[in-house]
Amino acid sequence: MNRQLWSALVASLCLGPSMSAQERVLSEQMSGFPCDEPGIEKGVSACYAGHIGNALVMAGGCNFPDALPSKGGTKRYYKGIYAATPDSSRSLHWKLVGWLPEEAAYGVSVTLPDGMLCIGGNNQVHSLASVLKISFDGHKATATALPPLPHGMDNFTGCMADSVVYVMGGTEVLALDLRRLDEGWRKLSSTTEVRVQPVSGISGGRFCVWDGFSPKTSESAASLSLDGFTLGPDSLQTLPAPMSPDGEEIFLGGAAAINVEPGIILTVGGVNKDIFLPALNAPQPGYMEHEKEWYRFNPYISVWKDGRWHIVGRTQDTARAGASLVSYENQVYVIGGELKPGVRTPVVIRLSIQP
């Protein structure tokens with residue numbers, strides 16, 4: 001299959017396309033979601049996801065299966081590993097193929113040539129430092145431990161370039177060279193601001209990070225990061241935020257990002273900065289009771305290429321927070337996520353480019 005479709009789409013938009021981006025990116029709702037663990041059939045957010053061979057693989061995740069937290073609902077975490085083989089239909093038949101060592105969500109997923117990494121995360125008990133390599137032989141998935149993180153990390157971001165895995169969480173940037181596992185994780189840099197739930201990708205061979213938020217403390221109010229950075233030769237170099245067609249900065253906190261081609265990073269979803277920031281600092285009664293439209297999750301599909309952002313689509317199908325992305329055969333699968341605070345979705349979205 002031609003691996004340059006996303007490049008061609010961005011190039012055509014820059015040259016002034018005859019049809020809109022929304023008409024070029026096809027969004028399809030898929031049927032089918034795991035159902036082997038009680039409650040998971042209602043959808044999860046923050047699961048691990050990738051592909052191994054020709055199978056989509058997802059693991060873990062969390063939800064509120066019984067009620068919103070404002071109504072006394074309890075967050076439930078999952079540990080099943082599921083696989084589905086995509087085809088031209090709009091159905092995914094998920095099978096339970098293995099188990100994580102413990103329930104987990106809010107970690108980092110990295111697809112490898114021969115497996116998938118599940119890095120960090122958390123559950124009801126603790127933040128995880130574990131790094132697992134998931135292998136799948138077409139029937140059964142197994143988990144092998146790799147060098148752990150220096151400490152537990154969750155609600156962070158990561159990706160891989162040239163066999164080096166990069167992660168960023170809080171204020172730290174760490175790296176693990178899969179060719180030199182005996183060296184373990186190395187600290188590459190620190191930032192002056194805390195970034196929770198940022199997104200990342202590889203551009204120009206460099207690790208690039210965008211957005212995130214700094215939680216409220218006893219000494220300072222919560223704040224949002226509306227820009228990004230990349231690791232330069234001597235310092236962190238600032239990267240711009242994507243802009244909506246009306247010229248407003250798009251906040252990517254809680255969004256999902258993935259490299260669809262070398263140097264091309266696609267992002268979808270995320271919360272709305274004007275709704276989210278006041279809720280971090282002074283949540284109002286009934287904040288979680290609104291209809292999903294009130295929260296104004298980001299509907300734009302954005303692509304970073306050649307040092308700038310491009311809006312390549314807009315759809316409410318991908319207006320989610322905490323979704324997971326898998327890039328496979330020139331298509332992107334959007335798995336899970338929440339439609340509003342506390343409400344997950346079991347609908348998988350498939351994005352592809354129309355010829």
Side-chain angles (χ1 to χ4, degrees), residues 30 32-66 73-86 91-149 151-156 158 160 165 167 176 178 181 256 322-326 328 333-338 344-348:
M30 311 290 287
F33 202 79
C35 58
D36 293 82
E37 297 169 274
I40 197 172
E41 73 281 354
K42 296 185 178 181
V44 297
S45 63
C47 68
Y48 307 94
H51 74 83
I52 304 176
N54 64 351
L56 304 182
V57 177
M58 61 174 285
C62 62
N63 64 8
F64 293 90
D66 302 317
T74 300
K75 182 179 286 188
R76 185 179 302 172
Y77 291 79
Y78 300 92
K79 61 186 292 186
I81 304 172
Y82 299 88
T85 303
S91 298
L92 292 171
H93 302 284
W94 295 95
K95 294 182 179 180
L96 178 65
V97 295
W99 299 95
L100 297 172
E102 59 183 312
E103 293 85 356
Y106 299 106
V108 165
S109 312
V110 175
T111 292
L112 306 174
D114 60 347
M116 179 180 84
L117 296 183
C118 299
I119 306 170
N122 67 19
N123 55 30
Q124 308 96 320
V125 180
H126 58 171
S127 182
L128 305 174
S130 57
V131 178
L132 303 172
K133 179 181 178 180
I134 307 298
S135 302
F136 180 54
D137 63 6
H139 302 281
K140 181 181 179 181
T142 56
T144 304
L146 296 188
L149 296 162
H151 50 78
M153 297 180 73
D154 56 74
N155 287 280
F156 64 128
M160 183 178 71
V165 178
V167 299
L176 175 69
L178 298 179
L181 291 177
S324 300
L325 302 185
V326 181
Y328 176 71
Y333 292 83
V334 185
I335 300 175
E338 61 180 28
R344 275 51 168 177
T345 176
V347 177
V348 176

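Atom set for the values below is all heavy atoms of this structure, side chains included, hydrogens, waters and symmetry mates excluded.
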**Student:** Could you list all the salt bridge (charged side-chain N to carboxylate O under 4.0 Å, His left out) pairs where at least one residue sits in residues 52-66, not counting sequence neighbours?
**Tutor:**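 Salt bridge (charged side-chain N to carboxylate O under 4.0 Å, His left out) check on residues 52-66 returns Asp66-Arg76.
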**Student:** Quick one: side-chain hydrogen bond (donor to acceptor under 3.5 Å, both in side chains) partners of Ser127, sequence neighbours excluded?
**Tutor:**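 Ser127: side-chain hydrogen bond (donor to acceptor under 3.5 Å, both in side chains) contacts with Asp154.
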**Student:** Indicate yes or no for a side-chain donor-acceptor contact from Ser324 to the backbone of Cys47 under 3.5 Å, with no hydrogens or angles considered.
**Tutor:**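 Yes, the answer is positive, given that a donor and an acceptor are paired below the 3.5 Å cut-off.
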**Student:** Which atoms form the tightest heavy-atom contact between Asn54 and Thr85, and what is the distance?
**Tutor:**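 In terms of heavy atoms, the two residues are closest at O-CG2, 3.6 Å.
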**Student:** With the side chain counted from C-beta on, respond yes when Val347 and Phe33 share a heavy-atom pair under 4.5 Å apart, and no when they do not.
**Tutor:**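 The answer is no, as the side chains (C-beta and beyond) never meet within the 4.5 Å cut-off.
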**Student:** If every non-hydrogen atom of Gly60 is compared with every non-hydrogen atom of Val44, which pair is closest and at what distance?
**Tutor:**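 Residues Gly60 and Val44, closest heavy atoms: O-CG2, 4.2 Å.
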**Student:** Who passes side-chain hydrogen bond (donor to acceptor under 3.5 Å, both in side chains) against Lys133, sequence neighbours left out?
**Tutor:**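 Expected list: Asp114.
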**Student:** Applying side chain to side chain contact (heavy atoms under 4.5 Å, CB included), name anything that partners Phe64, two or more places apart in sequence or on another chain.
**Tutor:**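 In terms of side chain to side chain contact (heavy atoms under 4.5 Å, CB included), with neighbours along the sequence ignored, Phe64 is linked to Pro69, Lys75, Arg344.
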**Student:** What pair of heavy atoms forms the shortest contact from Ala256 to Ala323, and how long is it?
**Tutor:**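 The answer is CB-O, 3.5 Å.
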**Student:** For residues 35-57, which residue pairs pass the ring pair (Phe, Tyr, Trp, His ring centres under 6.0 Å) check, not counting sequence neighbours?
**Tutor:**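 Qualifying pairs: His51-Tyr328.
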**Student:** Scan side-chain atoms only and decide if Asn63 and Tyr78 contain a donor-acceptor pair under the 3.5 Å cut-off.
**Tutor:**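 Checked: Asn63/Tyr78 side chains pair up, N/O donor to acceptor below 3.5 Å.
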**Student:** Could you check whether any side-chain heavy atom of Ile335 comes within less than 4.5 Å of a side-chain heavy atom of Leu325, counting everything from C-beta outward?
**Tutor:**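 No. Closest side-chain heavy atoms not under 4.5 Å.
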**Student:** Between Pro147 and Val131, which heavy-atom pair has the shortest distance, and what is it?
**Tutor:**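 The pair with the smallest heavy-atom distance is O-CG2, 3.3 Å.
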**Student:** For Lys42, check salt bridge (charged side-chain N to carboxylate O under 4.0 Å, His left out) against everything at least two apart and list the hits.
**Tutor:**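 Residues passing salt bridge (charged side-chain N to carboxylate O under 4.0 Å, His left out) with Lys42: none at all.
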**Student:** Would you please name every residue forming a side-chain hydrogen bond (donor to acceptor under 3.5 Å, both in side chains) with Thr142, sequence neighbours left out?
**Tutor:**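 With sequence neighbours excluded, Thr142 shows a side-chain hydrogen bond (donor to acceptor under 3.5 Å, both in side chains) to no residue whatsoever.
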**Student:** List for me each residue that meets side chain to side chain contact (heavy atoms under 4.5 Å, CB included) alongside Leu96, sequence neighbours excluded, and say none if there are none.
**Tutor:**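 Per chain and number, Leu96 pairs via side chain to side chain contact (heavy atoms under 4.5 Å, CB included) with Asp36, Tyr82, Trp99.
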**Student:** Over all heavy atoms of both residues, which pair between Leu132 and Pro101 is shortest? Give the atoms and the distance, please.
**Tutor:**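 Shortest heavy-atom separation between Leu132 and Pro101 comes out as CD1-CD, 3.4 Å.
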**Student:** What I'd like to find out is whether the side chain of Met116 reaches to under 4.5 Å of the side chain of Val57, using heavy atoms alone.
**Tutor:**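 Result yes, sub-4.5 Å side-chain heavy-atom pair found.
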**Student:** Ignoring hydrogens and geometry, is there a side-chain-to-backbone donor-acceptor pair from Ser45 to Gly322 under 3.5 Å?
**Tutor:**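 Not a single qualifying donor-acceptor pair exists.
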**Student:** Taking salt bridge (charged side-chain N to carboxylate O under 4.0 Å, His left out) as the definition, give me every residue that meets it alongside Asp137, ordered by chain and number, with sequence neighbours left out.
**Tutor:**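 Scan of Asp137 (salt bridge (charged side-chain N to carboxylate O under 4.0 Å, His left out), adjacent residues dropped) gives none.
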**Student:** For His126, what residues pass the side chain to side chain contact (heavy atoms under 4.5 Å, CB included) criterion, not counting sequence neighbours?
**Tutor:**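 By the side chain to side chain contact (heavy atoms under 4.5 Å, CB included) rule, His126 matches Glu102, Asn123, Leu128.
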**Student:** Output all residues satisfying side chain to side chain contact (heavy atoms under 4.5 Å, CB included) with Val108, sequence neighbours left out; order by chain, then residue number.
**Tutor:**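 Result, side chain to side chain contact (heavy atoms under 4.5 Å, CB included) vs Val108: Val110, Ile119, Phe156.
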